[in-house]
Number of protein chains: 2
Amino acid sequence: MTQKNRMTPKAHFAEKLRLAGLRPTRQRVAIAALLLDGRHRHVTADSLTEEITTAGLHVSGGTVYNTLNQFTEAGLLRRVMVHNDYSLFDTNTDHHHHFYEAENDQLVDIPHDDVILAQLPAAPDGHEIKAVDVVIHIQSKNS
Amino acid sequence: MTQKNRMTPKAHFAEKLRLAGLRPTRQRVAIAALLLDGRHRHVTADSLTEEITTAGLHVSGGTVYNTLNQFTEAGLLRRVMVHNDYSLFDTNTDHHHHFYEAENDQLVDIPHDDVILAQLPAAPDGHEIKAVDVVIHIQSKNS
DNA sequence: ATCTAGTTTAAAATCATTCTAAAGAGCCTT
DNA sequence: AAGGCTCTTTAGAATGATTTTAAACTAGAT
């Protein structure tokens, strides 16, 4: 039974980081508090930096990138691949897919159950499937 | 009835470019001859530049990038999204999916029929589906 | 309180890709 | 085949996201 409710928010996120194998530094806890609060959204290094600034904090650029990568590595975030311009991270790590509208660089979650893969090929010899990503590219009808 | 076999290879690719709405310049024809010969493979700006050099030709870096983008725009190539490090292009523009092994940055085609999407969500209001990309991330079993 | 390995920092470095301005080449018209 | 107009190519500079660097700092164990 989790004692989440008895902990200060800070302690709660520090705990989460420890469980993920990450030393809970001041900046990692601050970023965790922003990204791992259960809300599902998509962030970039840039948008996260903005959030940090808005929260009255400061974390160096390099650390923002490192943290995003470490969180992803640790399974706390998921990297979404839709273009090559910059990295997108999803705070929802559950299995689900995406709509992507290139015109506005808009990414929208698709609930897991809305895509049914009736058949998948076997992974090549000596390999196993780690993840299946479905990206549905959409465009506005009058274009 | 195509007269493909009566044309010189050069004329054949020039024709292909014209049909795609691209002026058949020397460098575009050269690149078309390398990429649009029917063989299915994946290239990067870098690997293509190598091929060009190996063929004893020279095309400036900017033009390689421009051509890759224009061919993609024209539907002669397809951009594959698996990571954010650099762009990958597929000479196979038929509808098909991919296995991606991050360890070796290896991309493998999956025949169209090996993936069956039994159910797809409707596109958000005012939008239509342009393409559905399935990327199956794989890893070697002993890792 | 002390120590040490892991972290953060600001700034420099990297690297793929795009942009720029000038030189060159299709191609239509004569 | 010459002229001309626009689209292309070129080399090099510029951009921008991300990584690296080396030095200053901190979490957590002793």
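The shown structure was predicted, so the numbers you read here are calculated from the model rather than taken from an experiment. Lettering follows sequence order; numbering is per chain, from 1.
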For atom CZ of A:R41, decide whether the heavy atoms of other residues, nucleotides or ligands shown that lie under 6.0 angstrom number more than 12. yes
Using a heavy-atom distance cut-off of less than 4.0 Å, which residues of residues 19-31 of chain A contact DNA chain D? A:R23, A:P24, A:R26
Do A:H40 and A:H42 make the cut of ring centroids closer than 6.0 angstrom? no
Specify the separation, in whole Å, of atom CZ of A:R18 and atom C1' of D:dA27. 9 Å
Report yes if at least one side-chain N or O of A:N69 is closer than 4.0 Å to OP1 or OP2 of D:dT19; otherwise report no. yes
Just how far, in rounded Å, is P of D:dA27 from NZ of A:K10? 9 Å
Got a donor-acceptor contact below 3.5 angstrom from the A:H96 side chain to the A:D94 backbone? yes
Has the side chain of B:R28 got a donor or acceptor atom that lies under 3.5 Å from a matching backbone atom of B:R23? yes
Euclidean distance, atom CG of residue B:N84 to atom P of C:dA16 [Å, nearest integer]: 14 Å
Short side-chain to backbone donor-acceptor contact, A:R78 and A:F89, under 3.5 Å: no
Donor-acceptor under 3.5 Å (B:H112 side chain, B:V115 main chain): no
Rounded to whole angstroms, how far apart are CZ on B:F89 and C1' on C:dA16? 11 Å
A:L17 CG to C:dT7 P, straight-line distance once rounded to whole Å: 11 Å
Whole-Å distance, B:E73 CD to C:dT18 P, equals 12 Å
So does A:D125 have more than 12 non-hydrogen atoms from other groups sitting under 6.0 Å from CG? no
To the nearest Å, how far apart are A:Y65 OH and C:dT7 C1'? 19 Å
Side-chain N or O of B:H58 versus OP1/OP2 of D:dA11: is the shortest distance under 4.0 Å? yes
Under the 3.5 angstrom rule, does the side chain of B:S47 hit a backbone N or O of B:V43 as a donor-acceptor pair? no
Start at the 5' end of DNA chain C and walk down; is the nucleotide closest to A:S60 or to B:D46 reached first? A:S60
Proximity to the side chain of B:Y86 - top-ranked nucleotide from D:dT18, D:dG28, C:dT17: C:dT17
State, to 0.1 Å, how close B:T93 and B:G75 come at their nearest heavy-atom pair, and which atoms those are. CG2-O, 3.5 Å
Looking across every strand, which nucleic acid part, if any, lies under 4.0 Å from B:D85 by heavy atom: base, sugar-phosphate, or nothing? sugar-phosphate
Take the protein atom CG of B:L48 and the nucleotide atom P of C:dA16, then report the distance between them rounded to whole Å. 15 Å
Give me the bend of the helix from C:dA1-D:dT30 to C:dT30-D:dA1, using the axes of the five pairs at each end, rounded to 10°. 30°
Please determine whether a side-chain nitrogen or oxygen atom of A:S87 lies at a distance below 4.0 Å from atom OP1 or OP2 of D:dA17. no
